[in-house]
Amino acid sequence: MRALLDTSVLIGELPPPDEVEAAISVVSITELHFGVLIADDDDERARRIARLAAIEATFDPLPVSVDVARVWGQLAAAVARRGGNPRRRQIDLAIAATARVEGVPLLTENVGDFQIIHDLVDARRLSDR
């Protein structure tokens, strides 16, 4: 099965199942770089740098294409129509849009981040595998 890994999976302890052909969004690389830059502790920063380097060496991230941008806008509008705050969720929405455009489930440890659009995005908890 092909699946897109959410950033929460990339920084988590559980690896994706062996049967998953995993991909990531370039947006997750943004989140990981941010995490490195805000780490106050040198040991934590080093750990985050090592993880980021391993992820960058493993994956060729999927870009934010025009199709992804279009779906991202649709998902943001759906969040707004449903009473949510799409500005607070921009990173999650970009990753969800990538999964939707690719036609694959989004594996995450934070299914609740996608609850408001559960009918539009196939978000699955990795630990429920």
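Numbering of residues begins at 1 and proceeds along the displayed sequence.
To the nearest 0.5 Å, the span separating CG on L75 from CZ on F114 amounts to 10.0 Å. The CD1 atom of I24 sits 4.0 Å away from the CD1 atom of I29 when rounded to the nearest 0.5 Å. Separation of atoms OG (S8) and CG (L14) is listed at 10.5 Å; rounding is to 0.5 Å. The distance from atom NE2 of H118 to atom CD1 of I116, rounded to the nearest 0.5 Å, is 9.5 Å. Note that OG1 of T7 and CG of L5 are 9.5 Å apart. Values are rounded to the nearest 0.5 Å. In this structure, the separation between CD on E56 and CD1 on I49 is 11.0 Å, given to the nearest 0.5 Å.
Between L126 and P16, the closest heavy-atom pair is CD1-CA, 3.9 Å. For the pair R82 and D119, the tightest heavy-atom approach, listed with the atom from each and the gap, is NH1-OD1, 2.7 Å. Contact record, R124 with P105: NE-CB, 3.6 Å, taken as the closest heavy-atom pair. Of all non-hydrogen atoms in A22 and F59, the two that sit nearest each other are O-CE2, 3.6 Å. Looking at every heavy atom in both residues, V68 comes nearest to P63 through CG2-O, 3.9 Å. Contact record, P86 with V79: N-CG1, 3.7 Å, taken as the closest heavy-atom pair.
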Would L93 and Q90 count as a side chain to side chain contact (heavy atoms under 4.5 Å, CB included) if you check the C-alpha gap in whole Å, the side-chain angles of each, and the deciding distance to 0.1 Å?
CA-CA 5 Å; L93 294 173; Q90 287 302 317; 4.3 Å; yes
Please determine whether side chain to side chain contact (heavy atoms under 4.5 Å, CB included) holds for the pair S28 and I95, giving the CA-CA distance in whole Å, both sets of side-chain angles, and the decisive distance to 0.1 Å.
CA-CA 8 Å; S28 288; I95 294 169; 3.6 Å; yes
Output, in order, the C-alpha distance, side-chain angles, deciding distance and verdict of side chain to side chain contact (heavy atoms under 4.5 Å, CB included) for L32 and L10.
CA-CA 9 Å; L32 295 170; L10 297 173; 4.2 Å; yes
Could you walk me through whether E109 and D6 satisfy the side chain to side chain contact (heavy atoms under 4.5 Å, CB included) test, starting with their C-alpha distance in whole Å, then the side-chain angles of each, then the deciding distance to 0.1 Å, before giving a yes or no?
CA-CA 8 Å; E109 283 300 338; D6 185 33; over 6 Å; no
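A distance-only check finds a donor-acceptor pair linking the side chain of D41 to the backbone of E44 [under 3.5 Å]. Proximity of a side-chain donor or acceptor of R45 to a complementary backbone N or O of A39 within less than 3.5 Å is detected. Not one N or O on the side chain of R89 forms a donor-acceptor pair closer than 3.5 Å with the backbone of A76. Distance alone, capped at 3.5 Å, is enough to place a donor-acceptor pair between the N85 side chain and the R87 backbone.
Both I11 and V20 are assigned to one and the same hydrophobic cluster, defined by single-linkage of ILVMFWY side chains at heavy-atom distances under 4.5 Å. I55 and L106 end up in different hydrophobic clusters when Ile, Leu, Val, Met, Phe, Trp and Tyr side chains are linked at under 4.5 Å. Criterion: ILVMFWY side-chain heavy atoms under 4.5 Å apart, direct or through other members. Under it, V104 and V64 are part of a common hydrophobic cluster. Taking hydrophobic clusters as Ile, Leu, Val, Met, Phe, Trp and Tyr residues chained together by side-chain heavy-atom distances below 4.5 Å, I91 shares a cluster with L120. Put simply, V101 and I117 are part of the same group of oily side chains (I, L, V, M, F, W, Y) that touch within less than 4.5 Å, one to the next.
Atom CD of E19 sits in a crowded spot, with more than 12 heavy atoms from other residues, nucleotides or ligands closer than 6.0 Å. Within 6.0 Å of the CZ atom in R88, the count of heavy atoms belonging to other residues, nucleotides or ligands does not exceed 12.
When the options L4, D67, L62 are evaluated for a side-chain contact (heavy atoms from CB on, under 4.5 Å) with E102, the one that passes is L62.
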